[in-house]
There are 2 protein chains.
Amino acid sequence: MVLARLILGLLCLSPMTGYELKKHFDSSINHFWNADKAQIYRTLAQLVDKGYATVRTVPQSNYPDRQEHHITEAGREVLTQWLSAGPVESPERDPFMGQVFFAAELEREDIEQLLVKRREATQFILDDYLSQREGIDMRAAADRRSFLMAATLDNAIRQQAAQLEWLDAVLEYLP
Amino acid sequence: MVLARLILGLLCLSPMTGYELKKHFDSSINHFWNADKAQIYRTLAQLVDKGYATVRTVPQSNYPDRQEHHITEAGREVLTQWLSAGPVESPERDPFMGQVFFAAELEREDIEQLLVKRREATQFILDDYLSQREGIDMRAAADRRSFLMAATLDNAIRQQAAQLEWLDAVLEYLP
DNA sequence: CAAAATTGGGTGCAAAATCAACTAACTGTG
DNA sequence: CACAGTTAGTTGATTTTGCACCCAATTTTG
C-alpha cells in the first residue's frame with residue numbers, strides 16, 4: 001500500500017524505470033523508506049494494471065530497453081487522496097530497542113558492547129545523512145517541494161542525533 | 001524472526017499465554033513493537049515446534065484453560081545469541097515522512113493540516129509514553145533490568161519529542 | 001586482460017504480517 | 001435484563017516482504 005503510493009510520488013516527479021526507482025529508494029529516499037527491487041517491479045506492474053501508470057518502451061543503443069513508467073491522471077488522484085486523507089500512523093517498530101529491553105540477559109560488558117556498536121552504526125548513518133544534506137542547494141529550498149524534501153532529511157538527522165544522545169546517556173548511567 | 005525473539009524475551013520474564021503476550025505488545029512494549037494476535041499464536045506454535053518453549057495447560061474455574069508457555073534452555077540460548085550477535089539494523093521506514101516528501105502535490109493549507117494533525121497524534125502518543133513512565137518506580141531502576149526497560153521508553157519519548165520540535169519548525173518555515 | 005560493476009529486467013518461493021471471522025463462557029454496566 | 005467487554009484461542013485468505021536466483025550486454029577497474 002505505502003510502497004505503491006511512494007512509487008506514484010516518484011513517478012509524479014518524473015517518468016522512471018523500475019531500475020531508477022530502486023536507485024531513489026537506495027539514495028534520495030533511503031532515510032525514510034527502502035524496498036526490494038522484486039517488490040518494486042511487481043508493484044509497478046500492479047499500478048499499470050490498475051491504470052495508475054502507463055509504460056513506454058524506450059530503446060537504447062548500448063543498454064537494455066527502458067520500461068519508462070509514466071503516472072496517469074488516475075494515479076495522480078490516488079496520490080493526492082492518500083496525502084489528503086491525513087497522516088498515516090506508523091507502526092512504531094524498532095528491533096534494536098527490543099534487544100535493549102531484554103539485554104539484561106547478557107553480562108554488563110556485552111550490554112555495553114551492544115550499545116557501543118549501535119552507537120557506531122548510528123554515527124555512520126548520521127554522517128551519511130549529513131553529507132546528503134550538504135549536497136542540497138539551500139536557495140532551492142525556497143520552493144515548497146524542495147523545502148519539504150529537505151525537511152524529511154532533517155527529521156532523519158534529528159532522529160539519529162537524538163538516538164546518539166540517548167545512547168550516550170544509557171552508557172553513562174547503566175548500573 | 002524479530003517477533004520470535006521478542007516473545008522469547010517476554011517468556012523469559014515469566015511464563016505466559018498468547019493472550020497475555022498480546023497485552024504486553026499493546027501496553028508495556030507498544031513503544032517499540034506491536035503484533036497481531038494471530039501472528040503471536042502462530043509464532044508461539046513455532047517456538048514450541050522448535051523446542052524453544054513448552055506448553056502447560058492450566059485449567060481455570062470460570063475462564064478458558066490457560067495455555068501457559070514456558071521458555072526452555074534452548075530458547076534462552078537462542079535469545080542470548082540474538083542479543084550477543086550485535087545490534088540489528090532497522091529498516092528505517094516511516095510512511096508519514098513519505099507523505100511529507102510528496103506533500104507539495106497539495107495546496108499549502110492542506111499541507112499545514114497534514115502537519116497539524118500529525119502534531120496532535122504525536123502529542124497524544126508522547127503523553128501516553130510520559131504517563132507510562134510516571135508509573136515506573138525509579139528506585140527499581142537501580143537494577144539493570146528495570147533500568148534498560150525504562151531506557152527504551154525514554155528513547156521513545158525522546159523520539160516523539162524530537163518529532164514534535166521538527167513539526168513545529170516545519171510549520172514555522174514552510175514557504 | 002580478467003573480474004567486477006552497471007544498466008535493465010525478471011521469476012520462484014517461503015516467511016512474515018494483516019484482516020476478518022468464529023467459538024464460547026463469564027462479568028460488569030446502564 | 002440486554003449488551004458490551006473480557007478471557008482465551010483458532011482458522012482462512014490475502015498481502016507484503018525478503019532472499020536468491022536468472023538473463024544479457026557494456027563498461028569500468030585492478
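Every heavy atom of this structure was used, including side-chain atoms; hydrogens, water molecules and symmetry mates were not. A, B, ... follow the sequence lines: proteins, then strands. Residue 1 opens every chain.
At a cut-off of 3.5 Å, with distance as the only test, a side-chain donor of A:Ser146 or A:Asp143 sits close to an acceptor on the other residue.
Taking atom NZ on A:Lys37 and atom C1' on C:dT6, their separation rounds to 12 Å, with Å as the unit. Between the CG atom of A:Asp36 and the P atom of C:dA16 there is a distance of 16 Å, given to the nearest Å. Across the protein-nucleic acid pair, B:Ile40 atom CD1 and D:dT10 atom C1' stand 14 Å apart, rounded to whole Å. When rounded to the nearest whole Å, the span between CD of B:Gln46 and C1' of C:dA17 equals 12 Å. As a whole-Å value, the separation of A:Leu47 CG from D:dT15 P is 15 Å. Taking atom NE2 of A:His69 as the reference point, atom P of C:dG10 lies 7 Å away to the nearest angstrom. One atom, CG of B:Asn34, and another, C1' of C:dT18, lie 11 Å apart when rounded to the nearest Å. A straight line from CE of A:Met1 to P of D:dT17 spans 11 Å, rounded to a whole angstrom.
The aromatic rings of B:Phe32 and A:Phe101 sit tilted, their planes meeting at an angle between 30° and 60°.
Side-chain nitrogen and oxygen atoms of A:Gln60 include at least one within less than 4.0 Å of the OP1 or OP2 phosphate oxygen of C:dG8. Of the side-chain N and O atoms in B:Arg93, one or more sit less than 4.0 angstrom from OP1 or OP2 of D:dG18. Phosphate contact (OP1/OP2 of D:dT7, side-chain N/O of B:Tyr19, threshold under 4.0 Å): present. Under 4.0 angstrom from either OP1 or OP2 of D:dG18 there lies at least one side-chain N or O belonging to A:Gln39. Dashed line: the shortest gap from a side-chain N or O of B:Lys23 to OP1 or OP2 of D:dT6 is not under 4.0 Å. In this model, the phosphate group of D:dG9 is approached by a side-chain N or O of B:Tyr41 to a distance below 4.0 Å at OP1 or OP2. Between A:Thr17 and the phosphate of C:dG9, there is a side-chain N or O to OP1/OP2 separation shorter than 4.0 Å.
A cation-pi arrangement is present between A:Arg118 and A:Phe96 under the rule of less than 6.0 angstrom and at most 45 degrees off the ring axis.
Between B:Pro91 and B:Asp65, the residue whose closest nucleotide on DNA chain D is further toward the 5' end is B:Asp65. Projected onto DNA chain D by closest heavy-atom contact, A:Trp33 and B:Glu68 fall at different nucleotides, the more 5' of which corresponds to B:Glu68.
A:Asp168 and A:Arg119 are joined by a salt bridge, as a carboxylate oxygen and a charged side-chain nitrogen come within less than 4.0 angstrom of each other.
Residue A:Ala38 has its side chain nearest to D:dA20 when only D:dA20, C:dT7, D:dT11 are considered. Listed candidates were D:dT16, D:dG18, D:dA24. Nearest to the side chain of A:Pro64 is D:dA24.
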Q.
Apply side-chain contact (heavy atoms from CB on, under 4.5 Å) to residues B:Ile157 and B:Arg133 and explain how you reach the verdict.
A. CA-CA 9 Å; B:Ile157 289 169; B:Arg133 196 174 61 170; 3.9 Å; yes
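Applying the 3.5 Å distance criterion, the base of C:dG12 shares a donor-acceptor pair with the side chain of A:Arg42.
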